[in-house]
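Only one structure is covered here, and it is reproduced in the block below.
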Amino acid sequence: MSEALDFLLAARPEAMGAYFRFLREAGKHLDPKTRALISIITKVAAQTDDGFRQYIARGLQAGLSANEILDGLLMAFPALGLSRIIWAVDLLLAMDIPEFRLEAMNAQSGQWHRVATIADLPARGVRRLACDGRELFVTCRDLEFRVFDSRCPHQATNIPELALQGDRLVCPRHGWVFDLASGACVEKGDRPLHRFESRTEGGSLLAYW
Ligand code: FES
């Protein structure tokens with residue numbers, strides 16, 4: 001939530017509480033993907049930069065594909081018009097989200113990717129790696145590995161290596177703090193890092209996306 005909304009919630013709790021209850025109730029029969037898609041379209045209609053980034057991240061986390069998001073924007077053409085759709089696509093390109101690269105959008109389905117040779121990973125600690133167009137944080141603990149997307153679940157910021165503070169990751173954009181043992185958001189925010197399924201095979205660490 002923005003600082004302005006935090007302020008309004010503290011200054012006018014009843015009015016703002018009613019507003020947030022309304023938003024929750026209004027979408028209660030919709031699944032998370034549909035809710036996120038409608039929110040993305042409303043952010044494009046209002047051309048709210050931060051809100052658009054936030055709901056793109058939330059939609060991807062809810063399981064929306066890049067193609068579904070583009071379909072939603074194009075189907076909303078009668079309401080949005082071409083200029084707002086172009087505004088949204090410009091922002092998506094500036095965000096450089098792996099899911100929206102053409103090769104990823106044209107791929108048929110997910111597959112296993114070789115992330116690293118296990119011998120090159122530390123026995124204990126965190127390593128930031130790039131693999132097949134994605135950037136990742138890999139945590140290693142006694143040959144147990146977890147592979148997290150480097151994209152912040154708040155507004156899809158690509159979190160850099162400099163954001164590492166021991167076992168914690170602090171997103172430089174708004175300060176959400178993540179525990180890399182679990183991926184949980186432990187300060188400021190309310191959503192975890194996206195974790196990819198992973199396994200070891202023949203001395204390599206593989207991840208699926
Ligand atoms: S993008 Fe807002 S905290 Fe990461």
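Start at 1 and go down the list; that is how both ligands and their atoms are numbered. Reckoned from all heavy atoms, side chains included, excluding hydrogens, waters and symmetry mates. Note that the numbering runs from 1 along the sequence shown for the chain.
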Could you check if a side-chain atom of M95 sits within less than 4.5 angstrom of a side-chain atom of N158, using non-hydrogen atoms only?
no

Heavy-atom side-chain contact between C185 and D190 under 4.5 Å:
no

Does anything in residues 39-48 pair up under salt bridge (Lys or Arg N to Asp or Glu O under 4.0 Å), and if so which pairs, sequence neighbours excluded?
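Listed by first then second residue: nothing to list.
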
By side-chain hydrogen bond (donor to acceptor under 3.5 Å, both in side chains) - contacts of T48 (at least two apart):
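Once residues adjacent in sequence are excluded, T48 has no partner under the side-chain hydrogen bond (donor to acceptor under 3.5 Å, both in side chains) criterion.
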
Check this for me, if you would: do R127 and E161 make a salt bridge, where the nitrogen-to-carboxylate-oxygen distance has to be below 4.0 angstrom?
no

Sort by chain and number the protein N/O/S atoms found under 2.8 Å from atom 2 (Fe) of ligand 1.
H154 ND1, H174 ND1

Sequence neighbours left out, cut at 3.5 Å: what donor-acceptor pairs do the side chains of residues 111-124 make with other protein atoms?
unit_1	atom_1	unit_2	atom_2	d
H113	ND1	D132	OD2	2.7
H113	NE2	Q111	O	3.4
H113	NE2	W209	NE1	3.1
R114	NE	S204	OG	3.0
R114	NH2	T117	OG1	2.5
R124	NH1	D142	OD2	3.4

